[in-house]
Amino acid sequence: MHKDELAAAQAYVRLLEATRAALSDPDDAPLYLPLLTSPMEEADGALRRAGFAGNETRFFELVGSLRQSLTGSGH
């Protein structure tokens, strides 16, 4: 995994986690949705720098392997 690819995958995982947290309580979601602006901008920039559009199979393989290593899951 190249440095830019790793940064893109990490930014995307952070965006997923932030989105999950913001939407975890439907009643509070409208309060937290604006907080997703920064993680979205970070992920967009990282995807551009790595040359990803965000929908490539390679990118999602990298994200999957990164999430597995973070959770300790081998699946």
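Basis for what follows: all heavy atoms, side chains included, without hydrogens, waters or symmetry-related copies.
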Of all residues at least two apart in sequence or in a different chain, which pass the side chain to side chain contact (heavy atoms under 4.5 Å, CB included) check with Ala43?
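Ala43: side chain to side chain contact (heavy atoms under 4.5 Å, CB included) contacts with Ala11, Leu15.
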Please walk me through it: do Thr19 and Leu36 pass side chain to side chain contact (heavy atoms under 4.5 Å, CB included)?
CA-CA 7 Å; Thr19 302; Leu36 296 177; 3.9 Å; yes
Give a yes or no on whether Leu35 and Leu16 share a hydrophobic cluster (residues Ile, Leu, Val, Met, Phe, Trp, Tyr; joining criterion: side-chain heavy atoms under 4.5 Å apart).
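Result: no, two separate clusters.
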Going only through I, L, V, M, F, W and Y residues with side-chain contacts under 4.5 Å, is there a path from Leu47 to Met40?
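No, Leu47 and Met40 fall in different hydrophobic clusters.
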Under 30°, 30 to 60°, or over 60°: which ring-plane class applies to Phe52 and Phe59, parallel, tilted or perpendicular?
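Judged by the thresholds at 30° and 60°, the geometry between Phe52 and Phe59 is tilted.
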Quick one: side chain to side chain donor-acceptor pair (under 3.5 Å) pairs with a partner in residues 22-43, sequence neighbours left out?
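Non-adjacent pairs meeting side chain to side chain donor-acceptor pair (under 3.5 Å): Arg14-Glu42.
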Among residues two or more places apart or on two chains, list those pairs meeting side chain to side chain donor-acceptor pair (under 3.5 Å) that have a residue in residues 43-52.
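Found none.
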By salt bridge (Lys or Arg N to Asp or Glu O under 4.0 Å), which residues pair with Glu61, not counting sequence neighbours?
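With sequence neighbours excluded, Glu61 shows a salt bridge (Lys or Arg N to Asp or Glu O under 4.0 Å) to no residue whatsoever.
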Output the distance between atom CG (Leu62) and atom CD (Glu56), rounded to the nearest 0.5 Å.
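It is 10.0 Å, given to the nearest 0.5 Å.
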Looking only at heavy atoms, what is the nearest atom pair of Ala8 and Ala50, with distance?
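Closest heavy-atom pair between Ala8 and Ala50: CB-CB, 4.0 Å.
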